[in-house]
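Working notes for the structure below.
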Amino acid sequence: MSDKSAPSFQIETFALQAFDALPDSCAVIDHEFRYVYVNQAFAVRYGRTPEDIVGKKPSEMVGPDVFDETLKPHLVACLAGESAEFEAALEFPGHGVRWTNVRYSPLRNQAGEVSAVFSIARDITREKEDEHERRRSIELLRQAANIAGVGHLLWDEVNDTYLQFTDVVLEIYGLTADEFKLAVESKNGLLNVVSEDRQRVTSEYAKSINHGQSYDIKYRIFRNTGEIRWVHETGEPYKIADGHTISSLVTMRDITDEIAEREALERERFFVRQVEDVIGVGMFVWDVETQRNIYCSDSLAYLHGSTPAEMEATVIGEDADVELAIPEDRARVAEAYEQSRLSGTPIDVEYRIKHPEKGVRWLHEVGARRTLGDDERIVTMGFVHDITDRKGNEDELATQRLLASQAEKIGKLGYWVWDIAEGHAAYFSDQAAAMHGLSREEFVKMQTSAEADLARVHPDDRDRVRTAMHRCRDTQEPYDEEYRINHPDGGLHWIHEIGVPHNIVDGKMTMVLGTVQDVTERRMREEDLRQRDIIYRQIEKSVSIGYWTWDEENYGPTYVSEGVAKIYGLTREGYLEKMSGIEGEISLVYPEDQDRVRDA
């Protein structure tokens with residue numbers, strides 16, 4: 001914008017000195033949009049001297065786009081006689097983008113004509129950041145209060161009405177903002193309080209108003225739907241100089257679910273006591289500070305052959321508690337207690353006691369640290385269970401497992417469990433893995449699928465075994481196969497495997513139980529016998545001899561070679577028929593030699 005007839009502007013020396021002393025950026029811009037003056041703060045912001053800037057245009061300092069869109073409209077209005085104030089994000093060399101508050105004021109000559117624009121700019125970036133942080137904090141607090149279900153209400157005690165409230169307050173009462181306002185105006189602050197609680201609430205409010213006391217009260221309200229809700233309300237009064245309360249900051253929270261949970265907990269405690277009596281589990285509460293039982297159930301005392309009163313009176317101090325165990329187990333019990341005390345981990349220990357009538361009994365004790373009551377007393381709460389029968393079963397099972405393990409080693413027999421749904425082995429015994437030259441852990445890791453399991457089978461036997469396994473899966477019929485594996489020792493081993501369907505649910509098999517046996521030695525013996533038989537047959541054909549084996553007890557042959565039958569001019573079947581008794585055998589002998597053979 002250029003106007004040669006526009007009045008000129010002159011800056012007095014004293015004014016220049018005053019402007020240079022200001023911390024804000026000051027400048028004077030004429031009708032041609034040129035700087036005719038800038039103070040020192042303005043020049044520093046752009047990293048120049050005032051002399052470098054005077055004569056230049058704002059577009060050269062901030063860029064044409066920013067000038068046209070942000071600064072020029074306000075300059076034009078100011079040169080027309082209107083003051084302007086605005087905020088803009090401007091970029092300054094070495095300072096980056098800064099939020100700036102800019103004020104344009106028209107400067108007039110003696111004739112009252114606008115001759116230039118006086119600009120003063122202040123960096124408000126910190127203020128913007130603070131404002132943003134304040135709003136963010138307020139929003140976070142609001143969200144936290146909403147998440148926690150805490151509502152806030154500022155109450156005018158003088159006029160008996162609200163000054164402000166949050167959304168959570170509306171949610172507690174189940175009302176909209178308009179409904180809440182109308183209800184407050186018509187009910188004098190006792191909003192929907194049930195009749196049984198109204199006097200108690202009124203009394204707390206009166207103490208707060210008349211004596212400036214804080215209050216903390218729990219009461220019930222009814223919603224318009226008829227639903228009853230429990231509310232926990234606290235109030236902090238605000239007083240003026242004469243001591244009168246003029247307002248209260250009220251915090252409200254819906255505790256209906258907490259009340260319901262507390263009632264449920266009481267029912268659970270009653271149930272626990274019933275369970276204790278039924279299954280013989282005893283409960284205790286141990287006061288960590290006083291080192292004594294503050295609660296001992298009848299069942300717990302019974303496990304020790306005592307009474308609750310005796311237990312609470314005599315078991316004082318951790319040492320006395322430890323001494324309930326037999327001497328051999330006391331160190332273990334003391335260690336469990338100490339570890340729980342030092343690390344806060346739960347107690348979980350098994351130990352033996354000497355019952356006055358039943359002898360040695362095994363007990364399992366579990367317990368954990370808790371805070372109890374309004375005084376937040378630290379206690380250990382736990383249960384004790386008689387596990388004598390279980391321990392006996394465990395000992396028997398351990399013996400059986402040892403015997404089974406020894407039987408596995410002697411018979412080279414192992415067993416496994418295959419999970420159909422998961423498609424991999426659920427368990428392999430040590431011996432089953434040892435047959436493959438691996439530990440049980442190594443072998444189980446290999447059994448990730450049916451095909452991975454089959455990979456251990458010799459390629460020539462693999463299809464046959466796969467078919468048997470699939471037939472078992474599809475028809476729920478057992479399978480019985482012998483196959484070869486490549487053993488890590490470099491040789492071929494023979495495995496005899498039997499798989500039996502197990503745990504059939506709704507017509508579907510979920511597991512297969514199986515056994516494996518290393519039959520390599522048996523297969524080698526069979527192969528050796530087969531080779532020997534071939535050799536003997538060759539010998540028979542070459543030298544016309546035969547051989548047989550005889551059962552003395554049943555008096556009859558158990559095996560007859562082809563060579564023997566051939567000598568007598570018979571088939572093996574014909575010979576065996578003749579050999580059914582001694583006279584049948586004698587009948588094959590020449591008559592003159594029969595008596596001699598019979599005698600022999």
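Computed from heavy atoms alone, side chains included, the values below leave out hydrogens, waters and symmetry copies.
- For D197 (side chain) and R220 (main-chain N/O), a donor-acceptor pair under 3.5 Å exists by modelled atom type.
- A distance-only check finds no donor-acceptor pair linking the side chain of S115 to the backbone of R108 [under 3.5 Å].
- Annotation: side chain of K57 is in contact with side chain of E60 (closest heavy-atom distance under 4.5 Å).
- Rounding to the nearest 0.5 angstrom, the gap separating the CE atom in M61 from the CZ atom in R45 is 12.0 Å.
- I228 CD1 to N192 CG: the interatomic distance, rounded to the nearest 0.5 Å, is 9.5 Å.
- Side-chain atoms of T380 and S340, non-hydrogen and from C-beta on, never get closer than 4.5 Å to each other.
- Taking every heavy atom of both residues into account, H31 and V114 meet most closely at NE2-O, 2.7 Å.
- If you take CD1 on I124 and CG on D130, they are separated by 11.5 Å, rounding to the nearest 0.5 Å.
- Proximity of H95 to D123: side-chain heavy atoms (C-beta onward) are nowhere separated by under 4.5 Å.
- Under the 3.5 Å distance criterion, the side-chain polar atoms of Q291 are matched with a main-chain donor or acceptor of V288.
- Closest approach of I221 and I172 over heavy atoms only: CD1-O, 3.7 Å.
- For the residue pair R223 and R229, the shortest heavy atom distance occurs at NE-CG, 3.6 Å.
- Taking both residues in full, the closest heavy atoms of I53 and A43 are given as CD1-CA, 3.7 Å, listed atom of the first, atom of the second, then distance.
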Walk me through it: do L454 and M469 pass the test side chain to side chain contact (heavy atoms under 4.5 Å, CB included)? CA-CA 10 Å; L454 285 167; M469 289 180 172; 3.9 Å; yes

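- Contact of the L71 side chain with the F86 side chain is registered, since non-hydrogen atoms from C-beta on lie closer than 4.5 Å.
- Nearest heavy-atom pair across D24 and R122 is OD1-CG, 3.5 Å.
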Steps toward side chain to side chain donor-acceptor pair (under 3.5 Å) verdict (Y215, E233): CA-CA 8 Å; Y215 65 87; E233 179 179 322; 2.6 Å; yes

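- Taking the six-membered ring for Trp and thresholds of 30 and 60 degrees, Y173 and F180 have ring planes inclined between 30 and 60 degrees apart.
- A salt bridge links E451 with R466: the closest approach of a Lys/Arg side-chain nitrogen to an acidic carboxylate oxygen falls below 4.0 angstrom.
- In this structure, E258 and R253 have side chains that are in contact, with non-hydrogen atoms separated by less than 4.5 Å.
- Looking at heavy atoms from C-beta onward, P50 lies out of side-chain contact with F42 at the 4.5 angstrom threshold.
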Pair D453, W418 - check side chain to side chain contact (heavy atoms under 4.5 Å, CB included), show working. CA-CA 10 Å; D453 182 42; W418 188 270; 3.9 Å; yes

Please lay out, stage by stage, how V76 and Y104 fare under the test side chain to side chain contact (heavy atoms under 4.5 Å, CB included). CA-CA 10 Å; V76 170; Y104 288 159; over 6 Å; no

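- At a threshold of 4.5 Å between non-hydrogen side-chain atoms, the residues H74 and V102 do not count as touching.
- Pairing each heavy atom of V366 with each of H364, the nearest pair is CG1-NE2, 3.6 Å.
- No side-chain heavy atom of F92 sits under 4.5 Å from any side-chain heavy atom of V44.
- Here the straight-line distance linking atom CZ of F284 with atom CZ of F383 works out to 9.0 Å at 0.5 Å rounding.
- Between atom CD of residue E127 and atom CG of residue N101 there is a gap of 8.0 Å, rounded to the nearest 0.5 Å.
- No more than 12 heavy atoms of other residues, nucleotides or ligands sit less than 6.0 Å from atom CD of E335.
- Looking only at distances, no side-chain donor or acceptor of E263 sits under 3.5 Å from a matching main-chain atom of A260.
- Judged purely by atom type and a 3.5 angstrom limit, R103 has no side-chain atom pairing as donor or acceptor with the backbone of I120.
- Side chain of S83 to backbone of S105: no donor-acceptor contact under 3.5 angstrom is found.
- More than 12 heavy atoms of other shown residues, nucleotides or ligands fall within 6.0 angstrom of atom CG in L22.
- A side-chain N or O of D254 and one of T256 form a donor-acceptor pair less than 3.5 Å apart.
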Show, in sequence, the C-alpha distance, side-chain angles and deciding distance for K56 and R48, and conclude whether the side chain to side chain contact (heavy atoms under 4.5 Å, CB included) test is met. CA-CA 12 Å; K56 290 183 169 54; R48 300 189 182 188; 3.4 Å; yes

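- We find the CD-CG distance between E236 and D216 to be 11.0 Å, quoted to the nearest 0.5 Å.
- For CD of Q199, the number of neighbouring non-hydrogen atoms (other residues, nucleotides, ligands) closer than 6.0 Å is 12 at most.
- In this model, a donor atom of one side chain and an acceptor atom of the other lie less than 3.5 Å apart for D321 and Y337.
- Few gaps surround CD on E441; more than 12 heavy atoms of other groups in view lie less than 6.0 Å from it.
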